[in-house]
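Structure record follows, encoded as structure tokens.
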There are 2 protein chains.
Amino acid sequence: MTIAEVQAPREPKYYTVKRHLLERIATLPAGSVVPTERELASELSTSRTTVRQALVELVAEGRLVRRQGAGTFIADPKITWPLHLTSFTEQAEANGFVASTTLLAAERVRAEGEVAARLDLAEGAGVFRIERLRLADDRPMAVETSHLSAARFPQLTRHIRRQQSLYTVLRETYGVVPVRAEELIATAPASPREATLLGTDPGSPMLVLGRHSRAASGEPVEWVTSWYRGDRVTFIADLSAPRP
Amino acid sequence: MTIAEVQAPREPKYYTVKRHLLERIATLPAGSVVPTERELASELSTSRTTVRQALVELVAEGRLVRRQGAGTFIADPKITWPLHLTSFTEQAEANGFVASTTLLAAERVRAEGEVAARLDLAEGAGVFRIERLRLADDRPMAVETSHLSAARFPQLTRHIRRQQSLYTVLRETYGVVPVRAEELIATAPASPREATLLGTDPGSPMLVLGRHSRAASGEPVEWVTSWYRGDRVTFIADLSAPRP
DNA sequence: CAGTGGTCTAGACCACAAT
DNA sequence: TTGTGGTCTAGACCACTGC
């Protein structure tokens, strides 16, 4: 087997700017100020648009943060977020954070499309939709939207308003414990709503986690979609070799 | 616990365009043509830049593909890619694809920084760096860069040129089988090189997989970084509840 | 208030595909 | 050759921060 030839790709100008900036910021500590977009444009003999294109990628990678009206700064390092079949609170604490939650919505809606399919329900069946903003050390980490069958978990919204932990409510009120889950991981641009909630920009890359969890009986328990800031989080999972 | 008020975020114009396009393309089959950027700009009374910003997000989400000189089209649906501790070839076949590989590089380099740390080696120790383009049904899926200790696996590059499967070489030649791994998952923009290899655009969002695998003895075997097209792939993993 | 990043425009030129 | 998407420019105006 020989080694393939790869034609060197033509380098866009913004990428030259990006590499220049990467070198320049490599040794700066978090919080340092970076020159303004207009300064960089003039210094590098390019337009502000081109500089911004380079900055957008560096922000997407979690190297820089921009604050409107203030400036551009070196970002804090990324957080490593373990994927375990436990609640957000337990995951956060395993990671050394203090977890908190803001309830954004708790309502009864009709299941359609993917939600119905994931929960083994007919189209139009009643489901609860619970939307929560998850924070670690008071910094927004993720927007979570859970769907659960309304028939299987009557009065759920009432309980969830009194007790933040959904897994606790499921266990203590309904005697249900999720024991396994299928987890889907993708990337997608932030909508203006998620961006606002998470303090980032619309269109910035997110890590999207879909969790489809089941009880020991095989009964589907919940279908959750969580949006994490891709510039701040790296997921970590443990794998074992398949049984022979 | 009450429900938090969320101020409605101001909607950027490009997002209005995006929502308009989403509705418009919702029912179109894969491969259908979408109006040109200039047509959309005039039709929606906006600039081509703003239209392009909306298109960029729809491409990032895997809804559209653009081909320079040809036009913009509805994309094929995303592929679900299982994360198991098996080779790319086995993963592909479990998924119903025919896997193939192009060897891009197989060289001996010095370990530095993360590579040295992950392989429990001193800075500057010899390591093999093996870079491969992975294809499923002849479509490029991922660029994989593996690092392995040169002292532990002598003559590795010689073997890898004759036998594509690294795991086979490890097992048959060195008697080593990776049994567990830590897997890191993040998102990052494509570099021009990865973009060229994978047939996408520089800056487009990628799913980046880092795999740190160990043998039963606990000895680190390899450190692999794989870049997958975020617009074409969703990862899927199975989770079990933690042992009580 | 001055200066920052955020958004949008109008237009130029290039690279590439289809004809 | 024509028309597509890809890149880049110069500049306008807005929203926000911090003095």
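Each chain gets a letter, A, B and so on, in the order the sequences are listed, and its residues count up from 1. Remember, predicted model here, so these are calculated numbers, not experimental data.
Taking only side-chain nitrogens and oxygens, B:Thr50 comes nearer than 4.0 Å to OP1 or OP2 of C:dT9. Distances shorter than 4.0 Å separate none of the side-chain N or O atoms of A:Thr46 from OP1 or OP2 on D:dC8. An OP1 or OP2 oxygen of C:dT9 is reached within less than 4.0 angstrom by a side-chain nitrogen or oxygen of B:Lys13.
Classification of the A:Trp223-A:His212 ring pair by plane angle, with boundaries at 30° and 60°, yields perpendicular.
Here the P atom of nucleotide C:dT7 and the OH atom of B:Tyr15 are 13 Å apart, to the nearest Å. D:dT9 atom C1' lies 15 Å from atom CG of A:Leu44, rounded to whole Å. Rounded to a whole Å, the CD atom of A:Gln53 is 16 Å from the C1' atom of C:dG6.
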For this session: Please step through side chain to side chain donor-acceptor pair (under 3.5 Å) for the pair B:Glu90 and B:Tyr167, ending with a clear verdict.
Result: CA-CA 11 Å; B:Glu90 289 173 83; B:Tyr167 278 31; over 6 Å; no
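With a 6.0 Å radius and a threshold of 12 heavy atoms from other residues, nucleotides or ligands, B:Arg63 has its CZ atom at or below the threshold.
With rounding to the nearest 0.5 angstrom, the CD1 atom of B:Ile25 is 5.0 Å from the CG atom of B:Leu58.
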Give every pair of a protein N or O atom and an N or O atom of nucleotides 3-5 of chain D that lie under 3.5 Å apart, one pair per line with the distance.
{"unit_1": "D:dG3", "atom_1": "N2", "unit_2": "B:Gly69", "atom_2": "O", "d": "3.1"}
{"unit_1": "D:dT4", "atom_1": "O2", "unit_2": "B:Gly69", "atom_2": "N", "d": "3.1"}
{"unit_1": "D:dG5", "atom_1": "OP1", "unit_2": "B:Thr72", "atom_2": "OG1", "d": "3.1"}
{"unit_1": "D:dG5", "atom_1": "OP2", "unit_2": "B:Glu37", "atom_2": "N", "d": "3.0"}
{"unit_1": "D:dG5", "atom_1": "N7", "unit_2": "B:Arg38", "atom_2": "NH1", "d": "3.0"}
{"unit_1": "D:dG5", "atom_1": "O6", "unit_2": "B:Arg38", "atom_2": "NH2", "d": "3.3"}

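In this view, A:Ala75 and A:Val65 satisfy the side chain to side chain contact (heavy atoms under 4.5 Å, CB included) rule, not counting sequence neighbours.
Counting all heavy atoms, side chain and backbone alike, B:Leu104 lies closest to B:Arg132 at CD1-C, 4.1 Å.
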